[in-house]
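For reference, the structure discussed in these notes is given below.
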Amino acid sequence: MGVMQGLERRSDSELGQEMHQFAAELYPICRSITGNGIRQTLARIQERIPLQVSEVPTGTQVFDWTVPKEWNIRDAYVKDPSGKRVVDFQESNLHVLNYSTPVHAIVPLSDLKPHLFTLPEHPDWVPYRTSYYKEDWGFCLSHNQMLALEDGDYEVCIDSTREAGHLTYGECYLGGRSSDEILISCHACHPSLANDNISGLTVATFLAQELSERDLRYSYRFLFIPGTIGAITWLAGNHEIAERIRHGLVLTGIGDAGAFHYKKSRRGNAEIDQAAAHVLRHYSKSAEILEFSPYGYDERQYCSPGFNLPVGCLMRSVWGTFPEYHTSADNLDFIHAAQLAESLRVCATVVDVLEDNRRYRNLSPFCEPQLGKHGLYRSTGGDSIGAEINARLWVLNFSDGEHSLLDIAERSGIPFLLIRDAANLLSEKGLLCVASEDYAECDGRAQ
Amino acid sequence: MGVMQGLERRSDSELGQEMHQFAAELYPICRSITGNGIRQTLARIQERIPLQVSEVPTGTQVFDWTVPKEWNIRDAYVKDPSGKRVVDFQESNLHVLNYSTPVHAIVPLSDLKPHLFTLPEHPDWVPYRTSYYKEDWGFCLSHNQMLALEDGDYEVCIDSTREAGHLTYGECYLGGRSSDEILISCHACHPSLANDNISGLTVATFLAQELSERDLRYSYRFLFIPGTIGAITWLAGNHEIAERIRHGLVLTGIGDAGAFHYKKSRRGNAEIDQAAAHVLRHYSKSAEILEFSPYGYDERQYCSPGFNLPVGCLMRSVWGTFPEYHTSADNLDFIHAAQLAESLRVCATVVDVLEDNRRYRNLSPFCEPQLGKHGLYRSTGGDSIGAEINARLWVLNFSDGEHSLLDIAERSGIPFLLIRDAANLLSEKGLLCVASEDYAECDGRAQ
Amino acid sequence: MGVMQGLERRSDSELGQEMHQFAAELYPICRSITGNGIRQTLARIQERIPLQVSEVPTGTQVFDWTVPKEWNIRDAYVKDPSGKRVVDFQESNLHVLNYSTPVHAIVPLSDLKPHLFTLPEHPDWVPYRTSYYKEDWGFCLSHNQMLALEDGDYEVCIDSTREAGHLTYGECYLGGRSSDEILISCHACHPSLANDNISGLTVATFLAQELSERDLRYSYRFLFIPGTIGAITWLAGNHEIAERIRHGLVLTGIGDAGAFHYKKSRRGNAEIDQAAAHVLRHYSKSAEILEFSPYGYDERQYCSPGFNLPVGCLMRSVWGTFPEYHTSADNLDFIHAAQLAESLRVCATVVDVLEDNRRYRNLSPFCEPQLGKHGLYRSTGGDSIGAEINARLWVLNFSDGEHSLLDIAERSGIPFLLIRDAANLLSEKGLLCVASEDYAECDGRAQ
């Protein structure tokens, strides 16, 4: 039974609501690229799937980078001259410049202002800003909030620490029959931003949960890591594992109401590129396929020229193109139960395609076999043939050991799952066998 | 002199009328995949071209198939309770389910109905139905005819035999200077259906007639065979000949008023694909080129992966897309003299292209030769050059032993025949020679 | 400093006016494929750039051609019966059929008429006609002029010589660090025709002037030659040099107000094709790229199959497509100072692209380097990155020794000069080096 088929046992609304509820659990946590926020997040994920949590010490050299000091925060506020908290971390963790150094001082408004970040074009929203690699402190607030500040002395307090510690990430490995791996990666470093990227964490968690109950061809590795530095840290420590990655997806911004977007891997013609494009074309609506570019999420690292892994990025609305991006408006109302469930189904279908995509060899390659004799044709001539018989003819004609089922699906315009069903039936009837190279590659190995 | 040029000695209307008359001779014969109908059809063709008729015994194993029992029919009818023939094979051979087993019985209308086939969406037309591989009997009639049947007992009679015999096909071989072959194949198994495929039989017969009087580069093989089982039978017995096929066309549905359609071979980039597309683009109007698919006519067998022959399919209206397809409305009024003649001319032009397509080598490859010195240029500079000089420049520039004349025609947008004329003239002037590989391949061999 | 940047020190109007003034100097000279007109033209060019003038004797065999007799002309006229000069070479050198044999006779109008060339569709313009390879004489005049001629005896006089002499051409060689060459070629044989090709002579002269002051990667060769026979003569005598040509441009019709057109080399995918298309797309407006065809200017010879050099043709309005082509209306008003200057800038930018196009190797290919650490990133996260940082990411990601900077510019859609600046900066920071093959090819050789 395919993964997608497994999901169909549950209604979209039941599944979507459970996913949205999990997103709501993760939402309030103050995550950053290091610290307790990400640890708490991983703990929640660990309640659902087997997760190995790694801690990498501050100062560790990872390629051109160094693991930074660990950042933790307990409280932060700005009090106006009357002592009232006018900016309050307890209300939203977005109010603090992420990675702010500690500060506690009384400053006049004019000295405070250079430390305030707002969005004049959306005067009610709070922006999300970070200062990971420069020592600085600051507050983010709505533009209207800032305009309301009157002259006077303000008490500013950021009760944070930025000191030697660890970078934390989570890894869920599900062994399959082959040691070849499929990588699913999502960043776990953004604080209260729902689409970017609690949606990714949620879809990845539920996908891992669904896969963990199955006999799989590939091994699967799910990474829940801080963006950029996390992917770099993982790659620096896992060069050999990286070489086993056959296909990969970065999941991000996958819970909003926008159309699906798939950004191709650097290779541009990898099997994951073909599979994701096929699935979006057939199983989603109004999806778009984007060419690779070196800016974006952690596909930047997986697709750096030294690795050049076949890893693409699956999104709904593309980061930077919708106004809510990196603001307080990317909240739990911006993502939806139905969209989360649909994203999970699309991922499951991509997995089904990758699991079942093989090259076959037609065992009766000279002329067509007599399908009727094998119970695979209609009996009265003259009518048109149906989609199923058509799929069988396509599989037979192109199963020459060179065309994969996905190639055949693309060339025929027939959905992969129908092509796969035809291949399974023809194999049962003894008319088809898996091409020997493909058999050896994945299916023939002991786990 | 080219084949096309030869045809131009006769007017379109004279040629077309002769073709339509031949189609009318073949129309009433009750053909099937075996039996006397196909024998009579081949006898008519044999009056015009040299045809070798083969008989393959019932039970012969041909790849995954077995040559079926031979079917013959003398009469068939349904008599109503008053004894009147309400369905009558003598009126049209479409009235009987093709390959019906014999039956003679009195049955109530309710028992008769499961054996009746009609077309509710075209209530005046009789459908064409077959039951080659399942033992069954039945009648085809117009929907209005069926609605008029009143309750009562009906006498049904099908005076047919379905017993050990032979599968019959015809083959016309015209030897050329090379043993490399061009295959023209058409199915001869449909009863009174004019476009599908008396039109194909007619065009093929007239093309063979035209070619039989000529000195040819290639050898030509025309097959008049029952669809599917005929092609399979021929391929099973002629594996070695199949390896000599360099180009091929299946001709079908080529007499109606629709635009030309060419369906590419499985290879997609074979010379026949290039030639047919070129000819249709330049010498026909509103033609369309279709990608290969494994459903259709006998290109399914020629393009099965074990053979993968460069055989495409030339049609006018595509089977299954026009309402008259496989009904009594595909009659002699549905095909036209002018269209049959035009189809023949298109085929002749494709043959001309294949016969004359070669790679040449420019013998003055450094800079242009001085065309004026060779009498190949205009004398006063300043005006534009004409199409003929332009064709000479294209041939000279791209005759590097790699580009064929057809490649040059395609790249320049100039019709092949103009490019060929330029090549002939330049060869006469000693500026060009046939590239040695191409010379050896075809032209240099004794017949 | 790039060539384009060098030009920017001067205002467009200053530069354009100087160019137009130079064109005006060349305009009245009666050029032909041989003779004193081309010598005078080369003398003017020689005042601006180092030019080696070659003289090739009449009768010299050059491939399939022979260097023709030298043609010179002092005067030519038609006098009407009253003795009035009604067609006068002194007014415009277009009035004589170029390369006319000498004649001095009294002829009735009826005998004169076959020697008169007019343009009925533009009755006020004088056409340009030649008769290089056929011995003939004639006059070109406006159609209205001809209609005004009354019956009677006319004195015709062409005081020309057509006798053994030389074919003259000019060559400006600018040595660079590599002996690999860039060829700039333009025809210098047309008399008073401004766009075709005084514009080309002017742009080439000014480009050579600009390049002559520079340290260059490539060596540059500018050819000022008679069309066709000049290119053939040069190629016949310089086979070894031709093999060093890495990129080339024919410049013609490049001073009018039309949009730019670049006609690709025969190869179609040469670096010059990529560079010219890129520059026109980014640095010009409404430019068009044309496929190669074997008719046109001297790219016909450079791209003949024996040489197949990577030489394209840069134009504004395409010859033969505008009514002024090869008529007296192609005069100094048809070309413009601003367009001449813009054409020069486009050429300079193409040169910049070719000079700076190299393949690089990312020295930190595993994951992205930490750009912030190297001073190459913004400090506060959350905003979008700018065009410069984006260019750096593209260069780093695709500098794998296989993609050139131009490949990266094309793939990213970023202008080449921005990509080059990024590569220079990354090289300075030690993050990038020139790929060893490219280093050896051009940059590492002594001059």
Side-chain angles (χ1 to χ4, degrees), chain A residues 359-405 407-415 418-419 422-423 425-427 429-435, chain B residues 32-33 61-66 68 94 97-99 115 117 119 127-136 138 140 189-190 193 196 227-236 239 242 266 268 291-296 298-309 319-321 325-327:
Chain A
R359 286 166 294 169
Y360 285 81
R361 200 171 284 283
N362 178 343
L363 297 171
S364 300
F366 295 104
C367 299
E368 290 172 10
Q370 189 179 3
L371 291 184
K373 192 173 85 177
H374 303 279
L376 300 172
Y377 212 64
R378 48 157 207 217
S379 55
T380 305
D383 297 303
S384 65
I385 56 169
E388 290 185 351
I389 294 177
N390 197 30
R392 288 169 206 155
L393 293 176
W394 275 99
V395 170
L396 284 168
N397 194 292
F398 286 95
S399 286
D400 51 8
E402 283 178 28
H403 295 86
S404 71
L405 293 186
D407 292 336
I408 299 172
E410 290 287 281
R411 184 154 173 174
S412 65
I414 298 171
L418 197 53
I419 289 290
L425 193 58
L426 291 164
S427 299
K429 299 287 185 176
L431 293 168
L432 215 62
C433 71
V434 175
Chain B
S32 185
I33 54 173
Q61 195 65 26
V62 287
F63 296 123
D64 195 42
W65 302 62
T66 308
L94 292 180
L97 175 74
N98 201 292
Y99 247 69
H115 292 273
F117 299 89
L119 280 175
Y128 162 59
R129 293 288 179 274
T130 65
S131 187
Y132 302 139
Y133 298 101
K134 185 181 150 201
E135 301 232 335
D136 199 1
C140 302
C189 53
H190 283 29
L193 296 165
D196 179 19
T228 305
I229 186 66
I232 293 168
T233 299
W234 186 85
L235 284 164
H239 219 123
R266 182 181 185 271
E291 293 301 317
F292 175 76
S293 66
Y295 191 53
D298 285 332
E299 70 276 8
R300 292 161 70 163
Q301 312 309 330
Y302 303 125
C303 295
S304 57
F307 288 107
N308 198 21
L309 297 175
W319 52 269
T321 65
Y325 174 71
H326 276 192
T327 77

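Just so we're clear, the structure is a prediction, and the values are computed from it rather than from any experiment.
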Query raised in the report: So A:K373 and B:Y133, side-chain contact (heavy atoms from CB on, under 4.5 Å) or not? Walk me through it.
Result: CA-CA 9 Å; A:K373 192 173 85 177; B:Y133 298 101; over 6 Å; no
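- Distance alone, capped at 3.5 Å, is enough to place a donor-acceptor pair between the B:Q301 side chain and the A:E368 backbone.
- Note: B:F63 and A:F366 have parallel aromatic rings, judged against thresholds of 30 and 60 degrees for the angle between ring planes.
- Contact detail for A:Q370 and B:D64: the closest heavy-atom pair is N-OD2, 2.8 Å.
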Query - B:R266/A:F398 under side-chain contact (heavy atoms from CB on, under 4.5 Å): CA gap, chis, key distance, verdict - result: CA-CA 9 Å; B:R266 182 181 185 271; A:F398 286 95; 3.7 Å; yes
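- Among all heavy-atom pairs drawn from B:S304 and A:C367, the shortest one is OG-N, 2.8 Å.
- Within the 4.5 angstrom heavy-atom criterion, no atom of A:I389 approaches chain B.
- Using a 4.5 Å cut-off between heavy atoms, B:L235 touches chain A through its side chain atoms alone.
- Within the 4.5 angstrom heavy-atom criterion, atoms from both the backbone and the side chain of B:F292 approach chain A.
- Judged by distance alone, the side chain of A:N390 and the main-chain N or O of B:Y295 form no donor-acceptor pair under 3.5 Å.
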